[in-house]
Participant: 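The structure under discussion is supplied below as structure tokens; questions concerning it will follow.
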Amino acid sequence: MSRNPLVLVWFALALAFAPVAYAKPFRADDKEYKVVQAAIYHHVGKTGGVMDFMTKMAKDGHVVTDKGNITLKQFETVWKDKNDSNWVEEKFRGVDKGKHEWIPSNYMVKVIERARTSREGMKWVTLQDKMRSPTNLILF
């Protein structure tokens with residue numbers, strides 16, 4: 001294996017984000033789905049913001065909002081809807097606009113799961129947030 005540090009980082013990230021089994025999805029017309037969806041949108045968009053949401057979800061496995069309690073399993077299910085996940089991803093990108101994410105926003109659920117199950121814990125959430133570079137400085 002290469003001793004190049006970037007190759008090692010990419011290899012470690014690939015191992016860290018191996019596929020994860022997900023909960024059985026709600027149907028889009030289910031009342032519970034709509035309640036959970038409203039709670040996510042309320043907390044991420046108005047109350048605490050996306051980083052607060054990720055931090056609480058990673059620490060506690062749930063987030064309590066004025067609109068209801070959201071478990072990680074429920075968030076994973078709502079996340080499967082492309083419109084919902086795209087909305088949350090945009091909120092994550094908005095935390096530090098104009099930056100390239102080295103751990104993409106679509107890995108958010110995986111990052112939260114790693115933070116809950118690894119001994120590094122919250123460092124995963126911090127890593128995803130802080131691993132950004134000014135887009136105009138990236139050369140391809």
Side-chain angles (χ1 to χ4, degrees):
M1 175 175 261
S2 171
R3 298 239 186 250
N4 182 332
L6 287 177
V7 171
L8 294 174
V9 167
W10 285 113
F11 182 72
L13 287 172
L15 286 176
F17 294 107
V20 178
Y22 289 99
K24 181 181 174 191
F26 298 105
R27 289 190 340 254
D29 60 342
D30 282 348
K31 182 180 177 183
E32 183 182 1
Y33 182 94
K34 290 178 182 177
V35 168
V36 170
Q37 180 189 42
I40 291 168
Y41 276 60
H42 180 73
H43 190 84
V44 170
K46 296 178 183 171
T47 306
V50 69
M51 295 312 302
D52 182 67
F53 181 87
M54 289 179 69
T55 300
K56 287 179 178 176
M57 192 62 75
K59 282 183 181 176
D60 304 326
H62 68 278
V63 174
V64 178
T65 75
D66 294 342
K67 302 278 185 185
N69 187 29
I70 310 158
T71 67
L72 181 54
K73 292 254 187 240
Q74 290 170 322
F75 177 59
E76 289 172 351
T77 301
V78 171
W79 182 261
K80 289 180 184 179
D81 180 287
K82 271 297 178 207
N83 291 327
D84 293 328
S85 60
N86 287 340
W87 185 85
V88 175
E89 287 176 38
E90 284 302 316
K91 293 298 182 184
F92 181 79
R93 287 185 197 103
V95 169
D96 204 353
K97 293 179 182 175
K99 301 265 178 105
H100 174 78
E101 305 158 19
W102 291 102
I103 302 176
S105 58
N106 66 337
Y107 279 42
M108 189 178 298
V109 170
K110 293 178 183 182
V111 167
I112 291 169
E113 289 171 341
R114 291 290 181 225
R116 287 203 49 72
T117 60
S118 72
R119 60 187 160 99
E120 291 85 11
M122 291 307 301
K123 290 180 183 178
W124 280 102
V125 173
T126 303
L127 182 68
Q128 184 178 24
D129 179 37
K130 299 301 180 191
M131 278 195 66
R132 304 176 196 232
S133 301
T135 305
N136 63 336
L137 297 179
I138 298 175
L139 302 173
F140 289 98

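A quick note: this is a predicted structure, and the numbers were derived from the prediction, not measured.
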Participant: Consider only side-chain heavy atoms of I, L, V, M, F, W and Y, link residues closer than 4.5 Å, and tell whether Val64 and Val36 are in one cluster.
Facilitator: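 No, because Val64 and Val36 fall into different hydrophobic clusters, even though each may have its own neighbours under 4.5 Å.
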Participant: Please give me the minimum heavy-atom distance between Trp79 and Met108, naming the atom from each residue.
Facilitator: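 In terms of heavy atoms, the two residues are closest at CH2-CB, 3.8 Å.
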Participant: What's the verdict on side-chain contact (heavy atoms from CB on, under 4.5 Å) for Gln74 and Tyr33, showing C-alpha distance, side-chain angles and the deciding distance?
Facilitator: CA-CA 8 Å; Gln74 290 170 322; Tyr33 182 94; over 6 Å; no
Participant: Does this structure show an ion pair linking Arg93 with Glu90, if we count only N-O contacts that are shorter than 4.0 Å?
Facilitator: yes
Participant: If every non-hydrogen atom of Lys99 is compared with every non-hydrogen atom of Thr135, which pair is closest and at what distance?
Facilitator: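 Scanning both residues completely, I find the closest heavy atoms to be C-OG1, 3.3 Å.
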Participant: Can Glu89 and Val50 be said to form a side-chain contact (heavy atoms from CB on, under 4.5 Å), step by step?
Facilitator: CA-CA 9 Å; Glu89 287 176 38; Val50 69; over 6 Å; no
Participant: Should Tyr107 and Ile40 be regarded as members of a common hydrophobic cluster, given that ILVMFWY residues are connected when their side-chain heavy atoms come within less than 4.5 Å of each other, either directly or indirectly?
Facilitator: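 Same cluster: Tyr107 reaches Ile40 through Ile, Leu, Val, Met, Phe, Trp or Tyr contacts under 4.5 Å.
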Participant: Taking NZ, NE, NH1 and NH2 as the nitrogens, is one of them in Lys80 or Glu76 under 4.0 Å from a carboxylate oxygen of the other?
Facilitator: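 The answer is no: the pair does not qualify as a salt bridge.
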Participant: Determine whether a donor-acceptor pair (N or O, by modelled atom type, separation under 3.5 Å) exists between the side chain of Ser118 and the backbone of Ala115.
Facilitator: no
Participant: Return the minimal non-hydrogen interatomic distance between Gln37 and Asp84, and the atom names on each side.
Facilitator: NE2-OD1, 2.7 Å
Participant: Applying side-chain hydrogen bond (donor to acceptor under 3.5 Å, both in side chains), can you list everything that pairs with Asp129, at least two apart in sequence or on another chain?
Facilitator: Arg132
Participant: Test of understanding: clusters of I, L, V, M, F, W, Y form through side-chain heavy atoms closer than 4.5 Å, transitively. Do Val109 and Trp102 belong to the same one?
Facilitator: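 Val109 and Trp102: one cluster.
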Participant: Return yes when atom NZ of Lys59 has more than 12 non-hydrogen atoms of other residues, nucleotides or ligands closer than 6.0 Å, and no otherwise.
Facilitator: no
Participant: Treating Asp30 as the side-chain partner and Glu32 as the backbone partner, does any N or O pair qualify as donor plus acceptor under 3.5 Å?
Facilitator: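 No, the answer is negative, given that no donor and acceptor are paired below the 3.5 Å cut-off.
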Participant: For the pair Phe53 and Phe75, name the ring-plane relationship: parallel under 30°, tilted 30 to 60°, perpendicular over 60°.
Facilitator: perpendicular
Participant: Go through it in stages, so that I can follow the logic: the residues are Met57 and Ile70, the test is side-chain contact (heavy atoms from CB on, under 4.5 Å), and I'd like the CA-CA distance, side-chain angles, deciding distance and then a yes or no.
Facilitator: CA-CA 9 Å; Met57 192 62 75; Ile70 310 158; 4.0 Å; yes
Participant: What heavy-atom pair brings Lys91 and Gly45 nearest, and what distance separates the two atoms?
Facilitator: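 For Lys91 and Gly45, the tightest heavy-atom pair comes out as CE-CA, 4.4 Å.
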